[in-house]
Amino acid sequence: VKLRPGTADEVHSRRRVSHGYLDLILMRQVLCSCMKDCRGEEEDLTTDHSTKYSKDELIVNTDEITDTYSLTKVDIASSPQQVFNINFYSGDSVARRGDYQDYYELCKRSGPMQVTTSCFTAWRKSKKINGAAKVIPAVLPSTASEKVFREAPWIFFFDDNLEWGGAESSPGICNLRDVTTGDFIEFAEGKNGFTKDRAARHTVIHYSKECKIVLVKANILDAMEDQHYFMNIVERYVGPEDKALIYMDVNATIICADTIQGKDFAVTLLATMFEFLDFRPHEGFSLQWGDVNEHLKIDKPKGLKSIVKELTMSNHREYSAFWNEQNCWDFFTYMATKGQVKWVTDNRDMSLDSLRGLFEEYRSVMRTAASKEGITKSWFHLVNKMKVSHRTILNSFGVDTRKVLKATLSDDTVEVMQVVVNYEMWDDRDVKKYAEQFVEKTEKEEKDK
């Protein structure tokens, strides 16, 4: 029987001795970074974006992981990486608290980069609320000791689907958890010290200096326009001596394509632009669209993307099917006959022509602001600058994490910790797609797909 610690202090002590070898690795990283600074080497983001991590920096010790943490190894034949399953959605609250603690410690010590594939099934079955979404563990000053909180890293979560209701039962994608108690941490403005902030043109932030947490509703348009986008946001809150755990969504946050919704480059851009279109009806009406069975009553202003989400809430496949380019244009054209459509940042009226013009403008920027895989250069800039003192955790419901790793790491054989959440709950389609991402395909096969 594994005894679970009761406090974050005990967790910290339990891990310290067994991971001494990782502390040596971190020391070497710092020395290498200092040598690079002394040589005056500059970052080149124009050609090869892959970060030069060595195998030693990212290596994962399977026996130590399974012996020390509440994870089990998952055998996926096609995966060159080791995959571990963690439980967040079954068992009692005491057991889940221990799992949050283990995940937090693992994120701090599993190397500069890690991948977590969250459980879409659990989120969908719970009506896509925060309490069943992506787990983001954090330490609070009110429940941890002064020493543990002082040494704790800042927590960042970048995701384009963040919602600001901020409660456990609110719609959203952020399952923010106190690792000491296992309780949900509310993050609406005014709760737990959270304050609203903005960055770039479209990005909204809720941050709490009191709790050392920064939640960023990331915007792919902003990320494409400025290669310093992610770095600037992190440096706004984190001092030179601070450390950070940076949880990063993939689809429509650092890559302009969304495999989990089946969106291509152009449609991901349109879906992002729909976030900034505010619809104001001339009068109340009942909306029914295409093959969607639901009827939605609209009698007050709403965001255009919110309307799409509400219309297809009961059927995930209908939401995915909505996002094709022609359907987006047709939907906008129809809605423009039912009311005013405005661009929220400057309140200007949007016609079909003006939206198409803005779409082409952003698409032109994106062609030069991303890698051939559609990954924004601001992601590579963040990784290259932050790999020594911070930890980056790709946290996604989709399978584009593999694409990001291959583009980011210079050595594709490097071991990167892969964590799956409640793998036993996944449906057959998700299990199959997860395994397929590790199967190498020829260029022709990728094109045919």
*asked:* Suppose we screen for salt bridge (charged side-chain N to carboxylate O under 4.0 Å, His left out). Which residues come up paired with Asp299, at least two apart in sequence or across chains?
replied: none

*asked:* Salt bridge check, Lys73 against Asp75: does any charged N sit closer than 4.0 Å to a carboxylate O?
replied: yes

*Between the side chains of Tyr103 and Ser70, does any donor sit under 3.5 Å from an acceptor?*
no

*Is there a donor-acceptor pair under 3.5 Å between the side chain of Asn327 and the backbone N or O of Trp323?*
no

*Arg177 and Glu168 ion-paired at < 4.0 Å*: yes

*Would you check if the distance from the ring center of Trp329 to the ring center of Phe359 is below 6.0 Å?*
yes

*Could you give me the CA-CA distance, side-chain angles and deciding distance for Asp99 and Gln101, then say whether side-chain hydrogen bond (donor to acceptor under 3.5 Å, both in side chains) is met?*
CA-CA 5 Å; Asp99 293 323; Gln101 292 170 342; over 6 Å; no

*asked:* Is there a side chain to side chain contact (heavy atoms under 4.5 Å, CB included) between Cys174 and Leu215? Walk through the geometry before answering.
replied: CA-CA 9 Å; Cys174 180; Leu215 307 177; 4.1 Å; yes

*Flag the pair Asp278 and Arg280 as a salt bridge only when some basic side-chain nitrogen lies within less than 4.0 angstrom of an acidic carboxylate oxygen.*
yes

*What's the shortest heavy-atom distance between Ile254 and Met248, and which atoms?*
CG2-SD, 3.6 Å

*Please report the shortest heavy-atom distance between Phe149 and Pro141, naming the atom on each side.*
CE1-CD, 3.4 Å

*From Asn395 CG over to Thr117 OG1, what is the distance, rounded to the nearest 0.5 angstrom?*
8.0 Å

*Any donor and acceptor pair, going by atom type alone, linking the side chain of His295 with main-chain N or O of Leu287 inside 3.5 Å?*
no

*Take Tyr247 and Ile155 through the side chain to side chain contact (heavy atoms under 4.5 Å, CB included) test and state the conclusion after the steps.*
CA-CA 8 Å; Tyr247 294 86; Ile155 301 298; 4.2 Å; yes

*Would Phe156 and Phe230 count as a close aromatic pair, with their ring centres under 6.0 Å?*
no

*asked:* Looking at Glu105 and Lys108, is any side-chain nitrogen of the basic one under 4.0 Å from a carboxylate oxygen of the acidic one?
replied: yes

*Main-chain N/O of Gly290 paired to Gln288 side chain as donor or acceptor, under 3.5 Å*: yes

*Show your reasoning for whether side chain to side chain contact (heavy atoms under 4.5 Å, CB included) applies to Lys432 and Glu436.*
CA-CA 6 Å; Lys432 181 181 178 182; Glu436 285 178 347; 3.0 Å; yes

*asked:* Using the rule given for salt bridge (charged side-chain N to carboxylate O under 4.0 Å, His left out), can you reason through Lys134 versus Asp159, listing the C-alpha separation, both sets of side-chain angles and the distance that settles it, and then say yes or no?
replied: CA-CA 10 Å; Lys134 298 177 182 180; Asp159 198 298; 2.8 Å; yes

*Can you name the nearest heavy-atom pair linking Leu355 to Met273, along with the distance?*
CD1-CE, 3.7 Å

*asked:* Centroid separation under 6.0 Å, is that true for the rings of Tyr334 and Trp289?
replied: yes

*Does any non-hydrogen side-chain atom of Phe397 lie less than 4.5 Å from one of Val421?*
no

*Go through the structure and list residues passing side-chain contact (heavy atoms from CB on, under 4.5 Å) with Val74, not counting sequence neighbours.*
Ile76, Val83, Asn85, Val420, Tyr423

_Within 6.0 angstrom of Asp428 CG, more than 12 heavy atoms from elsewhere_ = no

*Ring centroid separation for Phe274 and Phe332, is it under 6.0 angstrom?*
no

*Are the charged groups of Glu310 and Lys302 less than 4.0 angstrom apart, N to O?*
yes

*List the atom of Gly131, the atom of Asn175, and the distance in Å for their closest heavy-atom pair.*
O-ND2, 3.1 Å

*Between the side chain of Ser126 and the main-chain N/O of Ala122, is any donor-acceptor distance below 3.5 Å?*
yes

*Measure the acute angle between the ring planes of His206 and Phe194, then classify it against the limits of 30° and 60° as parallel, tilted or perpendicular.*
tilted

_Shortest non-hydrogen separation from Tyr100 to Gly182 and the atoms involved_ = CE1-O, 3.6 Å

*Please determine, by modelled atom types, if Asn219 and Thr272 share a side-chain donor-acceptor pair under 3.5 angstrom.*
no

*Before accepting this row, confirm whether a basic side-chain N of the pair Lys305/Glu275 lies closer than 4.0 Å to the acidic partner's carboxylate O.*
yes

*State, to 0.1 Å, how close Met335 and Phe279 come at their nearest heavy-atom pair, and which atoms those are.*
O-CE1, 3.0 Å

_Run the side chain to side chain contact (heavy atoms under 4.5 Å, CB included) test on Tyr104 and Val139 for me, step by step, so that the C-alpha distance in whole Å, both residues' side-chain angles and the decisive distance to 0.1 Å come before the verdict._
CA-CA 9 Å; Tyr104 172 71; Val139 173; 3.4 Å; yes

*May I ask you to decide if the ring planes of Phe120 and Trp123 are parallel, tilted or perpendicular, using 30° and 60° as cut-offs?*
perpendicular

*Could you tell me whether the side chain of Ser208 and the main chain of Asn192 form a donor-acceptor pair under 3.5 Å?*
yes

*Looking just at side-chain N and O atoms, do Tyr89 and Thr121 make a donor-acceptor pair shorter than 3.5 Å?*
no

*Between CG on residue Asn232 and CG on residue Asp226, distance to nearest 0.5 Å*: 5.5 Å

*asked:* Check whether Asp178 reaches the backbone of Asp183 with its side chain - one donor and one acceptor, N or O, closer than 3.5 Å.
replied: no

*asked:* Closer than 3.5 angstrom, by distance alone: can the side chain of Thr312 be matched with the main-chain N or O of Val308 as a donor-acceptor pair?
replied: yes

_Polar contact flag, side-chain donor to acceptor under 3.5 angstrom, Asp330-Thr333_ = no

_Donor-acceptor side-chain pairing of Thr408 and Trp379 below 3.5 angstrom_ = yes

*Could you tell me whether Asp349 and Lys342 make a salt bridge, using a distance below 4.0 angstrom between a side-chain N and a carboxylate O?*
yes

*Cation-pi geometry met for Lys128 and Tyr319 (6.0 Å, 45°)*: yes

*Run the ring-centre check on Tyr207 versus Tyr237 and record whether the distance is less than 6.0 Å.*
yes

*Side chain of Ser378, backbone of Ala223: donor and acceptor closer than 3.5 Å?*
yes

*Does a donor on one side chain and an acceptor on the other come within less than 3.5 Å for Thr203 and Asp222?*
yes

*Output yes when Glu361 and Arg356 qualify as a salt bridge under the 4.0 Å nitrogen-oxygen rule, no when they do not.*
no

*Side-chain donor or acceptor of Lys212 paired with backbone N/O of Ala152 under 3.5 Å*: yes

*Name all residues meeting the salt bridge (charged side-chain N to carboxylate O under 4.0 Å, His left out) criterion together with Asp291; count only those two or more places apart in sequence or in a different chain, and write none if there are none.*
none

*Would you kindly check if the NZ (Lys) or CZ (Arg) of Lys338 is within the cone defined by 45 degrees around the ring axis of Phe285 and under 6.0 Å from the six-membered ring centre?*
yes

*Using modelled atom types only, decide if a donor and an acceptor are shared between the side chain of Asp400 and the backbone of Lys403 within a distance under 3.5 Å.*
no

